[in-house]
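Notes to accompany the following structure.
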Protein chains: 2
Amino acid sequence: MMSTTAIRYDRVMGRWPDGATERLERAALELYQSRGFESTTVAEIAERAGLTERTFYRHYADKREVLFAGAAQLQDLLVRLVAEAEPSLAPIEAITAALTGAAAIFEERRSLVSQRQKVIAANPELQERELIKLAKLAAALAEALGQRGVPEPAATLAAEAGVAVFRVAFDRWIGGGDQRSLAVTITDSASHLRELTSAR
Amino acid sequence: MMSTTAIRYDRVMGRWPDGATERLERAALELYQSRGFESTTVAEIAERAGLTERTFYRHYADKREVLFAGAAQLQDLLVRLVAEAEPSLAPIEAITAALTGAAAIFEERRSLVSQRQKVIAANPELQERELIKLAKLAAALAEALGQRGVPEPAATLAAEAGVAVFRVAFDRWIGGGDQRSLAVTITDSASHLRELTSAR
DNA sequence: GAGACTGATGTCAGTGACTGACGTAACACT
DNA sequence: AGTGTTACGTCAGTCACTGACATCAGTCTC
């Protein structure tokens with residue numbers, strides 16, 4: 001598997017220009033915006049990035065995945081935030097704390113996030129991919145709650161509800177009507193859910 | 001578009017055997033079970049059903065859709081149940097009432113539903129399709145709540161939470177560990193969610 | 001009852017997503 | 001200098017999916 005040598009290199013090296021993934025992701029987003037997702041071929045994306053179609057598939061499993069490269073990091077961050085949340089917090093509170101804690105990531109790149117979301121909103125295939133990413137995120141959050149001692153089905157329900165809260169808040173935040181920060185919108189949606197379920 | 005003639009016919013007629021969709025759905029499920037989803041071609045499904053590949057695509061938009069033919073009827077039923085629920089019921093209660101009311105549809109075909117779910121569980125592509133069906137279901141339920149006078153974002157949150165409750169309950173019911181009826185499992189999950197969100 | 005119409009199917013050719021196998025060349029390591 | 005690795009290119013192939021056109025049993029119109 002890995003060589004016994006311990007020395008590793010920080011700088012990317014090689015005969016090829018750096019930043020292939022960045023170029024591919026940028027080219028894909030631009031083409032998906034201008035021609036639409038279905039009308040752009042993988043060959044076109046690769047060409048715009050100065051690569052071949054085959055190389056595209058060495059970086060991304062399929063034509064959709066190029067838009068979801070950041071999902072893994074987001075999930076890792078949220079899982080860590082849940083794990084590091086105050087032990088005294090209830091499950092739902094730990095989840096919402098993690099969500100608001102990660103909100104900055106979106107707020108720092110609102111323009112890019114907005115463009116990406118417009119492309120996704122225009123294509124059912126991309127929506128499917130986004131939904132399964134969110135489902136896996138919910139499963140990972142449920143697992144993180146489990147590590148905190150939350151039993152099932154409470155862990156899964158809290159995680160799914162948390163993701164639903166995030167979805168609703170995110171849509172409002174991106175939608176534009178809501179001028180508040182994403183973090184505030186999340187806590188607002190969470191309290192809405194609390195009212196809904198606890199109300200008699 | 002439509003002829004001015006008012007006479008319509010109940011019996012399917014024509015030179016072709018009836019039940020093409022039933023044959024296609026049955027053939028698809030069987031092949032997806034035995035060879036796996038990815039390893040079966042649409043041509044094989046069509047051949048087993050006594051048809052051609054092109055005809056398959058006249059009945060279903062794509063290779064996955066053949067497993068989700070019943071989703072539309074389920075959605076219609078749930079929307080109707082929400083609309084017909086007691087006006088005094090709170091949003092979440094109307095949703096759970098509809099879900100338990102539709103549970104019988106699954107309980108009557110537990111074997112078929114279980115086989116189908118095993119196939120879906122084995123394939124990410126099929127999971128994506130299921131997730132978007134559930135998302136559209138949630139949107140339809142939110143719309144139905146809107147007709148009852150429930151404002152946003154409460155309607156969407158209640159619908160999303162309701163679908164999450166159903167997912168958790170369905171998984172437990174199918175998973176086998178839970179010997180209770182699906183309807184009971186749903187109400188149980190709903191009360192779990194209530195405890196989670198209202199708990200101090 | 002002849003002719004026009006309809007609806008479900010077959011046939012065929014084509015595009016594009018995705019994969020496996022193999023080759024290449026800069027760079028690193030020994 | 002030799003060896004291995006890594007990131008890429010090239011090529012051939014499968015299969016999902018689509019558009020265009022043909023067929024023909026049954027129906028409708030007159």
Side-chain angles (χ1 to χ4, degrees), chain A residues 1-25 27-28 31-32 35-69 123-126 128-129, chain B residues 1-25 27-28 31-32 35-69 123-126 128-129:
Chain A
M1 309 290 277
M2 188 171 289
S3 154
T4 55
T5 311
I7 302 176
R8 296 287 95 180
Y9 298 84
D10 280 350
R11 293 219 10 95
V12 180
M13 53 226 148
R15 117 210 203 207
W16 312 99
D18 289 359
T21 65
E22 286 77 4
R23 267 151 41 218
L24 285 170
E25 287 169 27
L31 288 175
Y32 291 170
R35 303 189 193 176
F37 172 76
E38 298 215 334
S39 303
T40 78
T41 71
V42 173
E44 288 170 344
I45 300 170
E47 185 185 346
R48 175 179 274 240
L51 297 166
T52 51
E53 183 179 0
R54 191 65 182 88
T55 297
F56 176 95
Y57 286 107
R58 291 201 177 95
H59 287 265
Y60 304 99
D62 57 50
K63 192 185 169 186
R64 307 174 226 168
E65 197 66 17
V66 66
L67 279 185
F68 297 89
N123 287 91
E125 295 186 44
L126 294 172
E128 289 186 342
R129 180 56 49 86
Chain B
M1 307 295 278
M2 190 172 287
S3 152
T4 54
T5 310
I7 301 175
R8 296 288 95 182
Y9 297 84
D10 279 349
R11 293 219 8 95
V12 179
M13 50 229 151
R15 115 210 206 205
W16 312 100
D18 289 0
T21 66
E22 286 78 4
R23 267 150 42 216
L24 284 170
E25 286 169 28
L31 288 174
Y32 291 170
R35 305 190 192 175
F37 173 75
E38 299 214 333
S39 304
T40 78
T41 70
V42 173
E44 289 170 344
I45 299 171
E47 184 185 344
R48 175 178 274 238
L51 296 167
T52 50
E53 184 179 359
R54 191 64 182 89
T55 297
F56 176 96
Y57 287 107
R58 291 200 177 95
H59 286 265
Y60 304 99
D62 57 51
K63 193 184 170 186
R64 306 173 225 169
E65 197 66 16
V66 66
L67 279 185
F68 297 88
N123 287 93
E125 295 186 44
L126 294 172
E128 289 187 343
R129 181 55 50 86

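The figures here come from the full heavy-atom set of this structure, side chains too, leaving out hydrogens, waters and symmetry mates. Predicted, not measured: the structure shown is a model, and the values here were computed from it. Throughout, a chain's letter reflects where its sequence line sits, starting with A, and its residues are numbered from 1.
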Under 3.5 Å donor-acceptor, [X] side chain and [Y] backbone:
X	Y	value
Glu44(A)	Thr41(A)	yes
Arg23(B)	Asp18(B)	yes
Asn123(B)	Glu125(B)	no

Using a 4.5 Å cut-off on heavy atoms from C-beta on, say whether the side chain of [Y] contacts that of [X].
X	Y	answer
Ile45(B)	Glu53(B)	no
Phe37(A)	Leu67(A)	no
His59(A)	Val66(A)	no

Task: dG9(D) OP1/OP2 closer than 4.0 Å to side-chain N/O of Thr52(A) - done: yes
Task: dA7(D) phosphate, OP1 or OP2, under 4.0 Å from His59(A) side-chain N/O - done: no
Whole-Å distance separating the [atom1] atom of [X] from the [atom2] atom of [N]:
X	N	atom1	atom2	value
Arg64(B)	dC15(D)	CZ	C1'	14 Å
Asp62(A)	dC17(D)	CG	C1'	16 Å
Arg54(A)	dA21(C)	CZ	C1'	9 Å
Tyr57(A)	dT10(D)	OH	C1'	16 Å
Phe56(A)	dA17(C)	CZ	C1'	10 Å
Glu38(B)	dG20(C)	CD	C1'	15 Å
Arg129(A)	dA17(C)	CZ	C1'	13 Å
Arg35(B)	dC15(D)	CZ	C1'	15 Å

Open item on the list: Please compare Arg23(A) and Thr40(B) by the position of their nearest nucleotide in DNA chain D and report the one closer to 5'.
Closed with: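 Closer to the 5' end of DNA chain D: Arg23(A).
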Task: Side-chain donor/acceptor of Arg58(B) to base of dG7(C), under 3.5 Å - done: no
Open item on the list: With nearest nucleotide decided by heavy atoms, which residue, Glu53(A) or Thr55(B), maps closer to the 5′ end of DNA chain C?
Closed with: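 Its nucleotide being nearer the 5' end, the pick is Thr55(B).
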Task: Contacts of Arg48(B) that satisfy side chain to side chain donor-acceptor pair (under 3.5 Å) - sequence neighbours left out - done: Glu30(B)
Task: Trace of the side-chain contact (heavy atoms from CB on, under 4.5 Å) decision for Glu128(B) with Arg64(B) - done: CA-CA 10 Å; Glu128(B) 289 187 343; Arg64(B) 306 173 225 169; 4.1 Å; yes
- [ ] Scan residues 41-50 of chain A against DNA chain C and write down, sorted by residue number, each residue with any heavy atom closer than 4.0 Å; if none is found, say none.
- [x]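 Under 4.0 Å from DNA chain C: Thr41(A), Val42(A).
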TODO: Mark yes when over 12 heavy atoms from residues, nucleotides or ligands other than Glu65(A) sit less than 6.0 Å from its CD; otherwise mark no.
DONE: yes
- [ ] Compute the angle between the rotation axes at the two ends of the helix from dG1(C)-dC30(D) to dT30(C)-dA1(D), each taken over five pairs, rounded to 10 degrees.
- [x]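 Nearest ten degrees gives 20° for this helix.
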